[in-house]
Colleague: 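What follows is a structure written as structure tokens; I'll ask about it next.
Below, all heavy atoms of this structure are taken into account, side chains as well, without hydrogens, waters or symmetry copies. Atoms within each ligand, like the ligands themselves, are counted from 1 in listed order.
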Amino acid sequence: MAETVISIQNLDKTYDNGFTALDKVNLEINKGEIFALLGPNGAGKTTLIGSICGIVSPTGGHISVFGHDTIKEYKQTRARIGLVPQELTVDSFETVWNTVTFSRGLFGKKDNPAHIEDVLKRLSLFDKKDTQVRKLSGGMKRRVLIAKALAHEPDILFLDEPTAGVDVELRKSMWAQVRKLQETGVTIILTTHYLEEAEEMADRIGFISKGNLFMTEEKTSLMKKLGKKELVLELYNPLDCTPSSLDGFNLKLANDGYQIIYTYDPAMQDNGVVSLLDQLRGLGIKCKDFNTRQSSLEEIFIELVGQE
Ligand SMILES: Nc1ncnc2c1ncn2[C@@H]1O[C@H](COP(=O)(O)OP(=O)(O)OP(=O)(O)O)[C@@H](O)[C@H]1O
Ligand SMILES: [Mg+2]
């Protein structure tokens, strides 16, 4: 059995203005996993993370981290957590090195320059160690936030929208770094709007909407269930209906019969695309263009919320 590092029971958060941001959330996180929290703006992701980290005070329920209550034993739990906040909160005149070293000191940990050096190197920031933080680019500042969160050698790392506003190349390199961290035994919880990010990174995905964590699922089974792809074929001549010989395919007509949309499962070895194209040619149905698209997080959401 995997060791549970975070256990959340019936967590509620109603803000002072009466708004309920979390509604009876239950969740267990296992040691060493990468858990992605997916949800639209305002779903409650940051509130949930803040509650675990002790920044937001819950109005109901219970959270424990490594068996310690996050309210009564705040010091013990907080020391084992690193948090990379959603907002870029670094704009200091201090150097990168001092900023990261200071973060470690906040947790009362003894100086460990070798660890700081290692963290900065892993995040490709070592050559910037003497640069003032305010002079870094946005993507570098985000990496400084990660370095700060790792300075005190936490066992759990929270990344709240780690790659928002980060270019594709850097995003990929950050994903690789996060995976390396996982290899060292760190448990990682990240929030994201991007299905692609969750797909790339996560072992398990939790879906949250309107404060309701309504589904958590292993990534592989989720993608199997919901990760559909569509092939859209643009026809020269419109069809009234799909030919009956193609009934074995999951086809839809759109755009007044000028489009055939084939929905298929990309995980299948034989996804049927080639055979569909062959058969269309055999029937004399000519295509002038085609494209494929992956179902988006939004569509998966709508499907899930519909099932709820
Ligand atoms: N301090 C606060 N007082 C009142 N309402 C708040 C407060 N902080 C957050 N909320 C509300 O709680 C809800 C959840 O906010 P939260 O920041 O947790 O969402 P999120 O899922 O992180 O969204 P995003 O994807 O935009 O970051 C939102 O409707 C937000 O307006
Ligand atoms: Mg947020």
Side-chain angles (χ1 to χ4, degrees), residues 6 8-27 29 34-63 65 70-71 74 77-78 81-91 138-139 141-146 148-149 154 156-167 170-171 174-175 178 187-202 204-217 219 222 296-305 308:
I6 299 173
I8 300 173
Q9 282 130 26
N10 293 321
L11 181 69
D12 288 322
K13 173 62 186 178
T14 301
Y15 282 106
D16 290 343
N17 61 3
F19 184 83
T20 298
L22 295 176
D23 188 11
K24 297 265 174 299
V25 171
N26 290 287
L27 179 65
I29 304 281
I34 299 185
F35 184 86
L37 203 51
L38 276 172
N41 287 133
K45 302 181 296 294
T46 300
T47 304
L48 178 55
I49 286 185
S51 303
I52 304 169
C53 296
I55 293 163
V56 170
S57 47
T59 43
H62 182 261
I63 309 173
V65 171
T70 51
I71 296 170
Y74 170 78
T77 62
R78 192 63 186 89
I81 291 173
L83 169 65
V84 181
Q86 182 168 9
E87 306 296 335
L88 284 176
T89 49
V90 279
D91 212 9
K141 282 182 186 159
R142 201 162 276 285
R143 279 180 282 158
V144 170
L145 285 176
I146 300 177
K148 279 175 59 149
I156 305 171
L157 180 67
F158 287 94
L159 297 158
D160 197 353
E161 311 276 342
T163 60
V166 167
D167 68 45
L170 183 55
R171 184 172 291 175
M174 285 173 66
W175 291 345
V178 170
T187 303
I188 292 147
I189 294 122
L190 59 96
T191 74
T192 181
H193 295 118
Y194 307 120
L195 181 63
E196 189 200 1
E197 184 154 279
E199 196 180 332
E200 179 76 22
M201 297 291 305
R204 206 150 59 97
I205 297 177
F207 288 88
I208 185 167
S209 169
K210 296 184 187 142
N212 183 6
L213 183 70
F214 59 91
M215 175 171 167
T216 60
E217 177 101 37
K219 181 195 49 197
L222 185 72
S296 66
L297 171 60
E298 201 179 329
E299 288 160 324
I300 288 186
F301 246 113
I302 290 166
E303 191 168 332
L304 284 174
V305 174
E308 210 190 345

Colleague: Test your reading of the structure: does F19 have an N or O sitting under 3.5 Å from an N or O of ligand 1?
Modeller: no
Colleague: Report the nearest protein non-hydrogen atom to atom 15 (O) of ligand 1: residue, atom name, distance rounded to 0.1 Å.
Modeller: T47 OG1, 3.7 Å
Colleague: Tell me, which protein residue and heavy-atom name are nearest atom 25 (O) of ligand 1, and how many Å apart are they?
Modeller: K45 NZ, 2.7 Å
Colleague: Which of the atoms in ligand 1, numbered in the order shown and given with their element, are less than 4.0 Å from a heavy-atom of Q86?
Modeller: 24 (P), 27 (O)
Colleague: Counting only heavy atoms from other residues, nucleotides and ligands, does the tally under 6.0 Å from CG of N17 exceed 12?
Modeller: yes
Colleague: Numbering the atoms of ligand 1 from 1, which are under 4.0 Å from a heavy atom of A43?
Modeller: 19 (O), 20 (P), 21 (O)
Colleague: Any idea which protein heavy atom is nearest atom 26 (O) of ligand 1, and the distance to it?
Modeller: N41 ND2, 2.7 Å
Colleague: Taking D160 for its side chain and V84 for its backbone only, find out whether a donor-acceptor pair lies under 3.5 Å.
Modeller: no
Colleague: Does any N, O or S atom of T46, backbone or side chain, fall under 2.8 Å from the Mg ion (ligand 2)?
Modeller: yes
Colleague: Judging by distance only, is a nitrogen or oxygen of A21 under 3.5 angstrom from one on ligand 1?
Modeller: no
Colleague: Does atom 30 (C) of ligand 1 have a protein non-hydrogen atom under 4.0 Å from it?
Modeller: no
Colleague: Strictly inside 4.0 angstrom of atom 5 (N) of ligand 1, do you find any protein heavy atom?
Modeller: yes
Colleague: Would you check the N or O atoms of G42, main chain and side chain alike, for any that come under 3.5 Å of an N or O of ligand 1?
Modeller: yes
Colleague: Who's the nearest protein heavy-atom neighbour of atom 2 (C) of ligand 1, and how far?
Modeller: Y15 CD2, 3.4 Å
Colleague: Just let me know how N17 lines up against ligand 1, side chain, backbone, both or neither, with a heavy-atom cut-off below 4.0 Å.
Modeller: side chain
Colleague: List the closest protein heavy-atom neighbour of atom 17 (O) of ligand 1: residue, atom name, distance to the nearest 0.1 Å.
Modeller: T46 CB, 3.6 Å
Colleague: So, T14 and T20: side-chain donor and acceptor under 3.5 Å apart, yes or no?
Modeller: yes
Colleague: If the cut-off is 2.8 Å, does any N/O/S atom of Q86 fall short of it from the Mg ion (ligand 2)?
Modeller: yes
Colleague: Would you say G39 contacts ligand 1, with heavy atoms under 4.0 Å as the rule?
Modeller: no
Colleague: Determine, for D12 against K24, whether the closest basic-nitrogen to carboxylate-oxygen distance falls under 4.0 angstrom.
Modeller: yes
Colleague: What I want to check is whether the side chains of T47 and Y15 have a donor and an acceptor closer together than 3.5 Å.
Modeller: yes
